[in-house]
Amino acid sequence: MYRYDEYDRALVNERVEEFRDQVARRMSGELTEDEFLPLRLQNGLYLQKHAYMMRVAIPYGALSSDQMRGLAVIANEFDRGYGHFTTRQNIQFNWIELADTPDILAHLASIDMHAIQTSGNCVRNVTTEAYAGVAPDEEYDPRIFAEIIRQWATVNPEFLFLPRKFKIAVSSSKEDRAAVRMHDIGLYLYRDEEEILRFQVMVGGGLGRTPFLNKAVKEDLHWSEVLSYIEAVLRVFNRYGRRDNKYKARIKILVNSLGVDAFREEVEAEWLQIREGFSTLTDDELSRVASQFLSPLYKTLDDTDLRYGNHIASNDEFASWVSRSVKPHKVSGYASVAISTKFPTNTPGDLNAEQMQRIADLADLYGFGVIRIAHEQNVVLPDIPKKYLFNVWSSLCEVGLALPNVGLVSDMIVCPGASYCSLATAHSFPVAKKVAEAYSIEEQLEVGDISINLSGCINACAHHHIGNIGILGLNKSGEDYYQITIGGAQGKDSQIGKVIGPAVSEDALPRVVKNITNAYLANRDDSETFHETFLRIGLEPFKLAAYESVGA
Amino acid sequence: MKNIIHIQSNDMTISKADDWAILEKDCDSLESHQILPMKAWLARVERGDNTPTAVWVDVDDDPMELKGDIDKLSFICIFFADFKDGRGYSTAYLLRKRLNYQGELRAFGDVLRDQLSLMRQCGFDSFAIKEGKDPHDAAKGIKGLSVTYSGSVSQPNPLYKRVRR
């Protein structure tokens, strides 16, 4: 994985001292809250309902065992013993004191981490997928370009006060597991017929109150021009994006008000002025960054392991976990392990310090010390020899992390909601728990792979628009109500879901969700996924079934 | 204008005020050291009057309209109505890089200590710090971080082309 050199380290350390000074000036009253606000946001600090929340960057979701241990230390020393992993592969600490933040950032810097630009109207953490570098269907390791873009965007002086936040994702595999289509810039990296790396550049995605999937703006961008092209997009956005209304300020609104063709013309005109300039990437720089992401020294292993096979045959619980959590690996004899952080045993995305430490230990014992955070808020050990999977599972069982529900109903993506967030209009965690508890694991296995996303407000942090079943928390005269969308999908065939009808109460929600999955079971052909069934039969059968035996 | 920080070949001077004054709109009898709105200046140039050499650019002005006349100017001020509105950074970039403007480039309005190093990297060499703030204190913000990854107006090469990493 990427290792800091003296320059990365100097930047992060100086940034800590800069913020230490800014915090002191805020606390002495020298800086007003209005002046301090963007400074703290660009250092990851939000003011939430009960306390400050600090969002720490985990670039493209990759971290080392030592970094995970460092996060556990922060959880114990500065928070209430846990942290919350987000859909953009970062971690949030919910109970932070302003005065502690410089020390937290200094601690992060000591483990080569930071919270720079995890919030604010700037380029945020560049994301990929949790299986980057190990997925069998990958064309090129997307982390390499994610890191190159991360460096370019970090404290880039022209683009720190954009009209609104700006999110970039990169994917380079057959299946898009990075939700590329809902990003401000989505990059699909591929090899052309001559094996040259090129990008398909998609611009203008974003969810929130006006959800849009991004649109193709450039089909065949040479890899060396990716920074100049992003620069052109950002300059057009910085100059022409709306600033009069926060809800119309994302680049999606600019793209859709100009129309994608006119937007493309603007970007191309700007790009022609700067391409082949200073931002052009060199072969040397690509090789330098790529060398940081070399595979670990895998052993030559048989793809089948006898002991592993025996454990599966003799232990149903292990077998059930394997069927959900063990993912294919490009190297024979290895697998990736997805660790569920979800209900009923955990709170979605939350890990306590002991669990973080255990995962770090397992990564060191069996998996080259590397860990990933998945968009689904789960944790991944990407490089585990199959012969050790039983050991990993046994150890995870001890800390309540062996839930066999990855990809199932209870593997919901859930935002923190009104329990923490000052924007939220409704609770998320307690209702998600009720939905999860309405299903036995057998019932979930019968439904199979499905994505259920629950957001506590219209800002859509849990991406409810692109969940197969999306749930949006609303507030109707003091009561939490939940609006349901169906037919959302992420990946290359992304789709925004459609609202099925009136919102339902918290008590009715589990029944309604179950009615919907029952309608799927009643209508599916053989191995059809939920989304395939939806595409074939449409919204109507689900709509009819959803409200059965509930007073809506 | 008040609270001025000016940087010239790495030397910084700080003064309480200088002789320059911002004009809200064009007027018939211009005095020296008056800074015209960009659009008003362009209208004068159109009429063949090239005398004033200072303009200010509003947040939503297109600096590219100065193309062709940029050599007539020796002083350009860019207005920041709100420090959170980052259009002025791209305006500065375009003046310096696209129009190759060589004269003094000043930020004025909601100009604060914690943004000065960013402004300087985007090509500003002069700042009229927001009234009520101490320019000597603000000057501490000029330095910024010693490491920058991307190129900028003041340092066109990205880090990996400047140093051996």
Side-chain angles (χ1 to χ4, degrees), chain A residues 5-15 17-19 21-22 25 30-32 34-39 42 120-122 148 150-163 227 231 234-241 243 270 273-274 277-282 284-286 288-289, chain B residues 59-64 80-94 96-99 110 112-124 130 132-134 137-138 140-141 143-165:
Chain A
D5 66 11
E6 57 189 299
Y7 296 98
D8 301 300
R9 215 160 271 138
L11 185 147
V12 168
N13 283 326
E14 286 179 29
R15 176 77 166 205
E17 292 318 308
E18 180 187 72
F19 191 58
D21 176 62
Q22 290 164 343
R25 283 156 56 215
E30 195 180 319
L31 277 174
T32 65
D34 183 51
E35 290 163 356
F36 183 58
L37 179 75
L39 307 178
Q42 297 207 4
N121 294 333
C122 51
I148 286 171
R150 179 193 79 81
Q151 295 196 12
W152 178 84
T154 299
V155 204
N156 187 320
E158 191 181 340
F159 304 122
L160 293 173
F161 295 94
L162 298 170
L227 295 181
E231 180 177 331
L234 280 171
R235 187 163 295 124
V236 168
F237 177 48
N238 196 35
R239 297 184 67 201
Y240 301 116
R243 291 176 188 264
E270 176 57 36
Q273 302 287 329
I274 56 173
F278 293 100
S279 296
T280 307
L281 280 166
T282 59
D284 279 356
E285 176 64 357
L286 181 63
R288 183 186 75 83
V289 179
Chain B
V59 275
D60 54 358
D61 281 337
D62 180 1
M64 296 307 289
F80 284 81
D82 179 339
F83 79 99
K84 296 184 287 302
D85 183 335
R87 279 177 285 187
Y89 296 90
S90 286
T91 302
Y93 170 92
L94 290 170
R96 289 293 195 206
K97 301 284 280 196
R98 199 69 39 86
L99 301 184
D110 200 10
L112 302 168
R113 165 175 163 173
D114 294 286
Q115 284 78 47
L116 296 191
S117 72
L118 307 173
M119 289 179 174
R120 191 180 176 204
Q121 290 175 64
C122 288
F124 290 98
K130 185 180 182 177
K133 300 280 179 186
D134 175 7
D137 176 64
K140 294 176 194 156
K143 191 164 149 265
L145 306 177
S146 71
V147 178
T148 52
Y149 287 124
S150 65
S152 64
V153 173
S154 65
Q155 181 54 270
N157 272 313
L159 181 64
Y160 70 87
K161 287 182 185 168
R162 275 177 261 149
V163 300
R164 185 162 179 78
R165 296 193 72 183

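Note that the structure is a prediction, hence the values are computed from the model and not measured. Order of the sequence lines sets the chain letters (A, B, ...), proteins ahead of strands, with each chain counted from 1.
Neither the backbone nor the side chain of A:L234 comes within contact range of chain B; no heavy atom of the residue lies under 4.5 Å from a heavy atom of that chain. Of the two parts of B:R120, neither the backbone nor the side chain holds a non-hydrogen atom closer than 4.5 Å to a non-hydrogen atom of chain A. For A:L227, no part lies near chain B; criterion is any non-hydrogen pair under 4.5 Å. Contacts between B:D62 and chain A at a heavy-atom distance below 4.5 Å involve backbone atoms as well as side-chain atoms. With a 4.5 Å cut-off on non-hydrogen atoms, A:E30 touches chain B through its backbone and its side chain both. There is no contact between A:I148 and chain B, counting heavy-atom distances below 4.5 Å. Only the side chain of B:L112 has a heavy atom closer than 4.5 Å to any heavy atom of chain A. Both the backbone and the side chain of B:F83 come within contact range of chain A, each with at least one heavy atom under 4.5 Å from a heavy atom of that chain. There is no contact between B:K140 and chain A, counting heavy-atom distances below 4.5 Å.
Counting heavy atoms from C-beta on, the side chains of A:R243 and B:V59 never come closer than 4.5 Å. You'll find the side chain of A:V155 stays beyond 4.5 Å of the side chain of B:T148, heavy atoms only. For the pair B:S150 and A:P157, the minimum side-chain heavy-atom distance is below 4.5 Å. Contact check for B:Y149 versus A:L11: side-chain heavy atoms found under the 4.5 Å cut-off. B:Y93 is listed as a side-chain neighbour of A:E231, based on a closest heavy-atom distance under 4.5 Å. Side-chain contact check for A:E18 versus B:D114: every heavy-atom pair is 4.5 Å or farther apart.
At distances below 3.5 Å, not a single donor-acceptor pair connects side-chain atoms of B:K84 with backbone N or O atoms of A:P163.
When A:W152, A:F159, A:Y7 are compared by the number of non-hydrogen pairs under 4.5 Å with chain B, A:Y7 comes out ahead. Considering only heavy-atom pairs separated by less than 4.5 Å from chain A, the leading option among B:K161, B:R98, B:Q115 is B:R98. Contact tally against chain A (heavy-atom pairs below 4.5 Å) for B:R113, B:K97, B:Q121: the top residue is B:R113. Considering only heavy-atom pairs separated by less than 4.5 Å from chain B, the leading option among A:D284, A:L31, A:L37, A:T282 is A:T282. Of the listed residues A:L39, A:D8, A:D34, the one with more heavy-atom pairs under 4.5 angstrom with chain B than any other is A:D8. Across B:V147, B:T91, B:V153, the residue that shares the most heavy-atom pairs under 4.5 angstrom with chain A is B:V147.
A donor-acceptor pair shorter than 3.5 Å can be found between the side chains of A:E14 and B:S146.
We find the CZ-OG distance between A:F161 and B:S90 to be 13.0 Å, quoted to the nearest 0.5 Å. In this structure, A:F278 CZ and B:S152 OG are separated by 10.5 Å, a value rounded to the nearest 0.5 Å. Here the straight-line distance linking atom CG of B:L159 with atom CG of A:D5 works out to 7.5 Å at 0.5 Å rounding. Here B:D137 contributes atom CG and A:R25 contributes atom CZ; the two are 6.0 Å apart, rounded to the nearest 0.5 Å. Note that CG of A:N156 is 7.5 Å distant from SG of B:C122, once rounded to the nearest 0.5 Å.
No cation-pi contact links A:R288 to B:Y160, judged by a cut-off of 6.0 Å to the six-membered ring centre and 45° from its axis.
The minimum heavy-atom distance between A:N238 and B:R87, with the atom names listed, is O-CG, 3.2 Å.
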Please report the C-alpha distance between B:L94 and A:R239 in whole Å, then the side-chain angles of each, then the deciding distance to 0.1 Å, and finally whether the side-chain contact (heavy atoms from CB on, under 4.5 Å) criterion is met. CA-CA 11 Å; B:L94 290 170; A:R239 297 184 67 201; 3.3 Å; yes

